[in-house]
Amino acid sequence: QVQLVESGGGLVQAGGSLRLSCAASGRTFNRYIMGWFRQAPGKEREFVAGIGWSGAGTLYQDSVKDRFTISRDNAKNTVYLQMNSLKPEDTAVYYCAARTGAIVTMRPLDYNYWGQGTQVTVSS
């Protein structure tokens, strides 16, 4: 089992940057596929980015490609989401998630463990 705690959210102007962190408990962090999701008010939770065990394989939602970068540090049990060129439509609660398995997937139902979320607000 793994527990996830996100941090790094906040208020930023359009065009700005934020880096989200997700700290995981447990000694088997490097066996989990990690993902970032987000949920805006009145909308479904959506996939943002995911990363494989070693960090070599990544997957992004089209709307964040070339602006967001997911990475992980298995020695620190932490996954990151660097967000650049932020837009008002990126405003949402961002969630870190973990799943067992071998590949990154985009479906929330595939992920076994979730953090509590961190709010990101981008002002225009």
Side-chain angles (χ1 to χ4, degrees):
Q1 194 166 2
V2 61
Q3 293 182 326
L4 305 172
V5 179
E6 302 97 335
S7 61
L11 174 64
V12 64
Q13 289 188 330
S17 298
L18 283 175
R19 188 174 84 153
L20 304 183
S21 299
C22 173
S25 66
R27 294 176 291 178
T28 59
F29 175 72
N30 61 356
R31 298 181 185 178
Y32 288 93
I33 302 294
M34 300 300 298
W36 285 98
F37 291 77
R38 66 187 181 188
Q39 188 166 19
K43 294 188 177 182
E44 294 186 351
R45 192 168 297 190
E46 64 176 2
F47 175 82
V48 175
I51 189 165
W53 300 327
S54 68
T58 58
L59 182 65
Y60 295 92
Q61 183 198 105
D62 286 346
S63 70
V64 307
K65 281 181 182 178
D66 301 323
R67 297 190 298 124
F68 291 9
T69 303
I70 188 171
S71 61
R72 67 190 297 166
D73 185 337
N74 288 340
K76 295 182 178 180
N77 280 16
T78 302
V79 62
Y80 305 97
L81 185 68
Q82 178 66 43
M83 305 186 295
N84 298 328
S85 302
L86 282 161
K87 303 175 181 180
E89 51 264 45
D90 294 319
T91 295
V93 177
Y94 282 71
Y95 296 91
C96 173
R99 70 178 296 265
T100 54
I103 61 172
V104 178
T105 63
M106 301 176 74
R107 297 194 314 166
L109 288 176
D110 291 338
Y111 289 76
N112 311 96
Y113 305 102
W114 293 83
Q116 82 289 349
T118 186
Q119 176 71 46
V120 172
T121 303
V122 184
S123 63
S124 57

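Position 1 is the first residue of the sequence, and the numbers go up from there.
Of the inter-residue distances, the one linking Ile33 atom CD1 with Arg72 atom CZ reads 7.0 Å to the nearest 0.5 angstrom. Gln13 contributes atom CD, which lies 9.5 Å from atom OG of Ser124 (distance to the nearest 0.5 angstrom). Here the CE-CZ distance, from Met83 to Arg19, works out to 11.5 Å after rounding to the nearest 0.5 Å. The distance from the CG atom of Asn77 to the CE atom of Met34 is 9.5 Å, given to the nearest 0.5 Å. A distance of 8.0 Å separates CD in Glu89 from OG in Ser63, rounded to the nearest 0.5 Å.
Side-chain contact check for Leu20 versus Phe68: every heavy-atom pair is 4.5 Å or farther apart. With contacts defined as side-chain heavy-atom distances shorter than 4.5 Å, the pair Met106/Leu59 qualifies. The shortest distance between side-chain heavy atoms of Val5 and Gln3 does not fall below 4.5 Å. Inter-residue side-chain proximity for Tyr80 and Ile70 is flagged as unmet; no heavy-atom pair is nearer than 4.5 Å. Residues Thr91 and Gln119 have side chains in contact (heavy-atom distance under 4.5 Å, counting atoms from C-beta outward).
Linking Ile, Leu, Val, Met, Phe, Trp and Tyr whenever their side-chain heavy atoms come within less than 4.5 Å leaves Trp53 and Trp36 in two separate clusters. One hydrophobic cluster, built from ILVMFWY side chains closer than 4.5 Å, cannot hold both Val48 and Val104; they sit in different ones. One hydrophobic cluster, built from ILVMFWY side chains closer than 4.5 Å, cannot hold both Tyr32 and Trp114; they sit in different ones. Neither Phe47 nor Val120 shares a network with the other; the hydrophobic side chains, linked directly or stepwise wherever heavy atoms of I, L, V, M, F, W or Y lie under 4.5 Å apart, form separate groups for each.
Between Ser17 and Ser85, the closest heavy-atom pair is OG-N, 4.3 Å. Residues Asp73 and Phe29 approach most closely at O-CE2, 4.1 Å, considering heavy atoms. Across all their heavy atoms, Asn74 and Ser54 have their closest contact at ND2-CA, 4.4 Å. Shortest non-hydrogen contact noted between Leu81 and Ala49 is CD1-CB, 4.2 Å.
Applying the salt bridge (charged side-chain N to carboxylate O under 4.0 Å, His left out) rule to pairs touching residues 113-124 yields nothing, sequence neighbours excluded.
Checked against ring-ring contact (aromatic ring centres under 6.0 Å, His included), Tyr111 has the following partners two or more places apart in sequence or in another chain: Phe37.
Checking side-chain atoms of Glu6 against main-chain N and O of Gly117 turns up a donor-acceptor pair under 3.5 Å.
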Counting only pairs under 3.5 Å, give me each side-chain donor-acceptor contact of residues 92-100, with atom names and distances, residues two or more places apart or in other chains.
unit_1 : atom_1 : unit_2 : atom_2 : d
Tyr94  : OH     : Arg38  : NH1    : 2.9
Tyr94  : OH     : Asp90  : O      : 2.6
Arg99  : NE     : Asp110 : O      : 3.2
Arg99  : NH1    : Ile103 : O      : 2.5

